[in-house]
Amino acid sequence: MKTETKIEGAGSGLSSETWLHMYRQMVAIRLFENQVNELYTRAVMPGLAHLYIGEEAVAVGICEALHRDDYITSTHRGHGHCLAKGASPDRMFAELLGKEAGYCRGKGGSMHIADPASGNLGANAIVGGSAGIATGAAFTAKQLGTKQVAVCFFGEGALGQGLLYEVMNLAKLWDLPVIYVCENNMYNEYTHYSETTAGEVLARPAAFGIPSESVDGQDVGAVYNVTSRMVERAREGKGPSFLLANTYRYHGHHVGDVSREYYRAKQEEQQWKGERDPIQLLVDLLLKQKVATQAQLDEIQAQVKTEIDAAVEFALQAPYPGVDQVGEDVYA
Amino acid sequence: MKTETKIEGAGSGLSSETWLHMYRQMVAIRLFENQVNELYTRAVMPGLAHLYIGEEAVAVGICEALHRDDYITSTHRGHGHCLAKGASPDRMFAELLGKEAGYCRGKGGSMHIADPASGNLGANAIVGGSAGIATGAAFTAKQLGTKQVAVCFFGEGALGQGLLYEVMNLAKLWDLPVIYVCENNMYNEYTHYSETTAGEVLARPAAFGIPSESVDGQDVGAVYNVTSRMVERAREGKGPSFLLANTYRYHGHHVGDVSREYYRAKQEEQQWKGERDPIQLLVDLLLKQKVATQAQLDEIQAQVKTEIDAAVEFALQAPYPGVDQVGEDVYA
Amino acid sequence: MPEVAVRELTMAEAIREALAEELRRDSRVCIIGEDVAEAGTPFKVLSGLVEEFGKSRVIDTPISEAGFTGIAVGAAMTGLRPVVDIMFGDFLTLTMDQMVNQAAKVHYMSGGAWKVPMVMRTTLGASRRSAAQHSQSLHAWVSHVPGLKVVLPSTPYDAKGLMKSAIRDDNPVIIFEDKMMFRFKGPVPAEEYTIPLGLADIKREGEDITIVATSSMVQVALGAAKLLEEIGVSAEVVDPRTMWPLDETTLIESAKKTSRAIVVDEGYERYGVTAEIASVIAAGAFYDLDAPVKRIGAMHVPIPFSPPLEDATVPTEQQVFEAARAMCKK
Amino acid sequence: MPEVAVRELTMAEAIREALAEELRRDSRVCIIGEDVAEAGTPFKVLSGLVEEFGKSRVIDTPISEAGFTGIAVGAAMTGLRPVVDIMFGDFLTLTMDQMVNQAAKVHYMSGGAWKVPMVMRTTLGASRRSAAQHSQSLHAWVSHVPGLKVVLPSTPYDAKGLMKSAIRDDNPVIIFEDKMMFRFKGPVPAEEYTIPLGLADIKREGEDITIVATSSMVQVALGAAKLLEEIGVSAEVVDPRTMWPLDETTLIESAKKTSRAIVVDEGYERYGVTAEIASVIAAGAFYDLDAPVKRIGAMHVPIPFSPPLEDATVPTEQQVFEAARAMCKK
Ligand SMILES: Cc1ncc(C[n+]2csc(CCOP(=O)(O)OP(=O)(O)O)c2C)c(N)n1
Ligand SMILES: Cc1ncc(C[n+]2csc(CCOP(=O)(O)OP(=O)(O)O)c2C)c(N)n1
Ligand SMILES: [Mg+2]
Ligand SMILES: [Mg+2]
């Protein structure tokens with residue numbers, strides 16, 4: 001039974017359980033991604049990965065406002081979405097290491113984790129590639145009257161893909177319960193989005209009559225609240241919405257992108273990390289509003305760390321799939 | 001040397017030569033298309049054709065505002081654009097009949113007429129398919145500083161194609177001298193555009209910060225004037241524009257589409273033909289404003305008719321390409 | 001072909017009947033595409049379906065091939081069984097990312113967690129005087145892609161039975177229908193039946209030469225077989241019916257029996273269907289072949305509009321007849 | 001390969017040098033793509049070009065493959081000679097309409113009135129642990145299409161000479177570079193040279209068996225040839241270098257000489273490059289072949305992420321060696 005914690009400002013009206021769960025999830029993503037970076041640096045992880053560090057409040061604020069059976073589609077930078085929607089770190093790490101215990105039996109890797117149990121239709125390595133899938137999931141929800149909602153996560157770089165405009169038009173025509181979430185971390189790989197994006201981002205959903213809002217992607221409470229309104233609209237059959245979440249990635253485009261001076265200033269990174277860190281901002285709020293004590297937060301952090309460490313260990317110990325499995329799952 | 005004819009209303013400030021040339025061009029398109037319908041009905045023309053009858057003022061008003069070396073890209077409904085930009089009817093009919101004397105040596109047919117001499121980059125049978133080509137022509141004009149302008153004609157159905165949004169974004173980012181002309185004749189084949197188009201059409205170019213205007217596509221003077229402003233912007237390096245021209249096709253989607261009651265009312269057709277005919281509206285204006293006498297107009301009409309009849313005759317007499325030509329022009 | 005009732009249907013009627021039966025049988029089936037409802041498509045193949053099943057099952061879309069194909073992928077993953085209508089096979093170009101990078105790979109990339117039970121109906125074939133962008137036969141592309149199944153029916157009977165199997169299949173299946181054959185008639189039993197994907201059909205038995213033909217080329221092959229009979233050559237006509245799964249055994253066994261093979265397909269020869277089938281036969285029947293496998297496909301040019309030119313690009317009865325006669329040294 | 005200076009370059013350096021030379025030679029040449037300027041592409045192949053030629057010649061784009069490819073088509077028609085950069089060959093799916101329905105057909109549909117002198121650079125090849133959407137080798141698709149030319153360089157020398165010819169060609173040319181080979185070194189003369197499109201190159205002479213190999217598979221074939229030498233089998237390695245135009249004569253002559261042929265390509269076997277080349281050889285060298293032509297391509301699965309699985313999908317030296325040994329009965 002939830003106890004209301006009266007606090008001011010963004011996210012007021014949320015129960016302390018909700019606040020603490022969001023804190024927990026954000027910390028989980030942060031620690032998960034630090035481990036991914038570690039695994040890459042130690043050359044234990046095959047291939048590359050795109051870290052979500054710095055953007056945690058977006059995935060967490062949104063997924064906190066969804067039901068477990070609501071759908072999401074994710075991107076190449078998908079670990080945060082996946083965890084926030086309820087996947088467990090052990091099978092995720094296993095997937096990142098190409099182990100059989102992974103969510104995709106090792107066949108998908110970092111860019112393709114999918115999990116039916118938590119409504120995750122899958123990460124996608126084609127920029128904008130999942131816009132059709134998310135809209136299709138919303139189409140099913142409407143056809144079958146299930147009241148489910150689909151959230152389509154994509155980076156601002158996906159605004160360059162025509163598919164997005166085709167499906168937004170269809171989603172509005174058919175009033176589908178889908179929410180398009182544009183995570184604007186300001187860079188398409190190594191190019192600033194201002195060099196790739198003409199006009200105002202919010203004018204794009206407006207082109208199809210889709211209502212939109214922009215939100216501070218570092219403020220998890222604000223993200224949660226705006227998403228809740230959009231989810232409500234969707235469930236009431238009022239159709240699609242578009243959310244622009246302004247955020248920042250602390251690390252490189254991928255784990256191997258370490259010298260970034262040629263496309264963005266160290267100082268810009270420092271500023272975001274120092275002044276706009278979503279976890280620090282949340283901690284400050286929770287302490288200030290007395291939603292939690294430092295001791296409580298430390299305990300949560302410790303629990304999460306134990307879980308993540310165990311998950312990594314699990315993945316490292318887990319066996320690779322037998323080569324005989326390579327031919328399985330091509331056809332259902 | 002042009003004599004100014006002072007008249008009121010739309011298109012005021014145009015010389016009588018311009019008015020009469022536009023009249024001539026519109027009549028030419030009307031008579032050309034009537035012949036095409038005739039050739040189809042008499043089973044002399046292979047395949048199908050999409051008639052431009054009813055929409056003449058759009059192509060003519062726009063092309064009158066262009067130079068011969070400006071570029072256009074056209075659509076499956078392209079005869080009007082082609083004639084308005086300066087192609088000659090004889091080689092067009094020859095192409096429609098698959099004759100060697102045709103603009104494409106018979107290889108293109110109705111949906112692919114192209115003519116470098118008049119800046120026609122080609123009609124296109126892929127809806128929206130030429131949006132990239134037109135934008136690319138504008139890209140060349142800017143790179144080489146030629147001051148040329150490119151006009152991309154497309155039907156409102158092409159608003160469904162993602163490519164259009166990708167290139168509008170690029171055109172605005174790079175401030176390319178391209179004008180996107182949406183000919184809204186209200187139908188995508190057999191479906192009313194309201195069933196395929198969410199939101200306001202003009203909100204779409206606005207999504208990329210592209211200035212736009214809508215115009216009565218049956219008023220050739222109005223079309224000419226708005227286009228002139230957009231062409232001027234383009235030549236001054238001020239970038240792309242978007243023109244929404246509201247119009248109507250009198251005939252079926254193609255020459256074979258004769259029973260249309262299931263998708264649009266006879267009465268709607270009657271109304272447009274009776275009250276909104278672009279040629280009749282122009283005749284009324286020219287007579288009322290004393291820009292021309294009925295006799296002058298009759299003479300022009302007669303001249304055009306003679307030319308069109310001769311062109312058809314030329315095409316009917318012209319030989320088919322030799323089968324040996326089938327393998328030519330695959331590679332340059 | 002098993003014995004069938006005398007009832008004759010056109011290709012269009014057979015396809016429509018298959019769709020109607022599946023729409024009735026399974027409420028998760030729906031049709032999505034341009035002008036599929038009241039218009040019943042420009043080819044009128046779907047006429048009447050919206051009247052029976054309503055606009056929520058037979059759904060008109062904007063001209064957004066990539067968009068509604070992507071929506072079908074997501075819909076299929078989450079519980080529907082959509083049949084997507086791509087008016088002309090030439091527009092496959094616009095759906096390649098959704099079909100190849102999404103539909104074909106979702107099941108594998110997710111380690112079997114998600115399925116994509118969808119069908120794409122589209123066309124192939126020239127000769128309609130529609131020129132280069134409305135006349136292509138691009139089925140080789142998707143046949144190249146693991147995760148997809150590809151169907152090319154050549155008769156009303158096959159069209160109906162294969163369509164029903166495709167709709168019931170849990171994988172993305174692409175069906176190519178020859179747009180010149182919609183009025184082609186053939187026997188179709190009134191009773192329910194399906195045809196498994198991956199089974200070739202011997203359309204005509206013969207001893208001297210095997211003619212493997214797909215889609216409308218089956219009629220071309222049968223015509224050539226008649227001409228060959230007159231000069232004493234007995235031709236066997238084999239229709240693979242599905243490009244993938246490909247029934248290699250039937251193709252190879254026939255070639256082994258006749259010791260000669262011609263492959264006729266309306267797609268381009270180079271890097272196309274004739275290349276795959278010819279090399280399967282050349283390898284599988286290597287020790288039995290008396291002559292190189294002969295490939296006959298569309299001429300290597302964009303399809304021209306001009307009738308005399310277009311006609312020169314498509315394989316003909318006469319061409320197949322001459323090739324077979326030469327191979328049989330008659 | 002003609003005699004060359006001792007200078008060694010990596011594949012990336014050779015490609016960059018070819019582009020730099022052509023950018024210098026012809027002001028109409030420009031490069032358009034994602035992260036091609038300051039970033040020099042994620043593979044750093046273009047590093048330094050924007051510094052020399054500026055942002056008006058080396059142009060960064062939004063993530064709009066269809067859009068900027070279409071712009072390149074129009075730009076090529078009107079006087080420029082753009083080189084479009086598609087980061088991964090897997091994204092070809094998004095450009096198919098612009099390349100196939102537009103670029104490939106403009107010249108023909110216009111009866112020769114318009115030309116499209118453009119180049120598309122993209123990649124092929126697995127093994128980077130990048131999974132199913134970043135590892136495909138889709139060159140068979142475009143090789144199927146009249147109007148397009150398709151280039152697959154296997155050495156720095158070929159990469160430079162073929163790139164320069166492609167840029168000077170008046171047709172749309174698509175170049176596939178193996179993303180695992182950018183650091184691969186080889187001799188490249190300092191003097192200007194070009195390599196005509198349509199000429200195969202015999203990378204190694206041999207007597208007993210012909211191994212036709214493309215792109216990175218040439219190294220695999222040469223490795224297998226070494227192993228074969230140890231067991232007394234002399235293998236000839238032939239690299240077609242361009243899928244279209246295809247140098248059928250050289251392939252067939254080699255197979256006639258050795259009487260045995262294996263075709264190795266990293267694309268999928270089914271309906272792929274190995275099918276075309278195998279059937280060309282099987283037909284052209286029919287009376288000289290002692291064994292069926294053997295095809296070796298990528299396994300028929302979406303490329304999996306897990307290293308042991310991915311490694312099982314790509315053709316290997318050992319595989320080619322075993323196949324050749326079996327064919328030569330050693
Ligand atoms: C269609 C496509 N084009 C290009 C790429 C290569 N690529 C991978 S991520 C990326 C940048 C994406 O930027 P954004 O969408 O803003 O996501 P972010 O990485 O910032 O989270 C690019 C260009 C791709 N994966 N898919
Ligand atoms: C990509 C694509 N999809 C579908 C078609 C089939 N088709 C030809 S014309 C047309 C309707 C076009 O409507 P609109 O753009 O409004 O042009 P209009 O015919 O009204 O002039 C369609 C769907 C096509 N040619 N290209
Ligand atoms: Mg970004
Ligand atoms: Mg229209």
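Residue numbers start from 1 in every chain, and the chains themselves are labelled A, B, ... in the order their sequence lines are given, proteins ahead of strands.
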Ignoring hydrogens, what is the shortest heavy-atom contact between [X] and [Y]? Give both atom names and the distance.
{"X": "D/V264", "Y": "D/P315", "result": "CG1-CB, 3.9 Å"}
{"X": "D/A103", "Y": "D/V116", "result": "O-CG2, 3.9 Å"}
{"X": "D/A312", "Y": "D/M299", "result": "O-CE, 3.1 Å"}

Find the N and O donor-acceptor pairs between chain D and chain C that sit under 3.5 Å apart.
residue, atom, partner, partner atom, Å
D/D90, O, C/N101, ND2, 3.0
D/T93, OG1, C/D97, OD1, 2.7
D/T93, OG1, C/N101, ND2, 3.3
D/D97, OD1, C/T93, OG1, 2.7
D/N101, O, C/Q133, NE2, 2.8
D/N101, OD1, C/Q136, NE2, 2.7
D/N101, ND2, C/D90, O, 3.0
D/N101, ND2, C/T93, OG1, 3.3
D/Q102, OE1, C/Q133, NE2, 3.4
D/K105, NZ, C/Q136, OE1, 2.9
D/Q133, NE2, C/N101, O, 2.7
D/Q133, NE2, C/Q102, OE1, 3.4
D/Q136, OE1, C/K105, NZ, 2.9
D/Q136, NE2, C/N101, OD1, 2.7
D/W141, O, C/W141, NE1, 3.0
D/W141, NE1, C/W141, O, 3.0
D/S143, O, C/R270, NE, 3.0
D/H144, ND1, C/R270, O, 2.7
D/H144, ND1, C/Y271, O, 3.3
D/V145, O, C/R270, NH2, 3.1
D/M243, O, C/Y271, OH, 2.7
D/R270, O, C/H144, ND1, 2.7
D/R270, NE, C/S143, O, 2.9
D/R270, NH2, C/V145, O, 3.1
D/Y271, N, C/E276, OE1, 2.7
D/Y271, O, C/H144, ND1, 3.3
D/Y271, OH, C/M243, O, 2.7
D/E276, OE1, C/Y271, N, 2.7
D/E276, OE1, C/R295, NH2, 2.6
D/S279, OG, C/R295, NH1, 3.1
D/R295, NH1, C/S279, OG, 3.1
D/R295, NH2, C/E276, OE1, 2.6

Subject >> Beyond-backbone contact of C/F68 with C/I86, side-chain heavy atoms, under 4.5 angstrom >> reply: yes
Original post:
Do you know which of D/G284, D/P304, D/A278 has the most heavy-atom pairs with chain C at a distance under 4.5 angstrom?
Top reply: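 If we count pairs closer than 4.5 Å to chain C, D/P304 comes out on top.
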Subject >> Contact leader toward chain C among D/V280, D/I277, D/L289, D/L138, where contacts are heavy-atom pairs under 4.5 Å >> reply: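 Among the listed options, the one with the most contacts to chain C is D/L289.
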Interface moiety of [X] toward chain C, non-hydrogen atoms closer than 4.5 Å:
{"X": "D/A132", "answer": "both"}
{"X": "D/M99", "answer": "neither"}
{"X": "D/L246", "answer": "side chain"}

Original post:
Counting heavy-atom pairs under 4.5 Å to chain D, which of C/G272, C/P146, C/A275 comes out on top?
Top reply: C/P146
Subject >> Options C/G267, C/A291, C/G111, ranked by heavy-atom pairs under 4.5 Å with chain D, top entry >> reply: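 Between C/G267, C/A291, C/G111, the count favours C/A291.
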Subject >> CG on D/L124 to CG on D/L92, rounded to 0.5 Å >> reply: 10.5 Å
Original post:
From D/I296 CD1 over to D/I262 CD1, what is the distance, rounded to the nearest 0.5 angstrom?
Top reply: 5.0 Å
Subject >> C/A282: partners by side-chain contact (heavy atoms from CB on, under 4.5 Å), with sequence neighbours left out >> reply: C/V293, D/A282
Original post:
Taking only residues two or more places apart in sequence, or in another chain, which ones meet D/A283 in a side-chain contact (heavy atoms from CB on, under 4.5 Å)?
Top reply: C/P292
Original post:
If you look only at pairs with a residue in residues 130-142 of chain C, which of them pass as a salt bridge (Lys or Arg N to Asp or Glu O under 4.0 Å), with sequence neighbours excluded?
Top reply: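 Counting only pairs at least two positions apart or across chains, no salt bridge (Lys or Arg N to Asp or Glu O under 4.0 Å) contact touches residues 130-142 of chain C.
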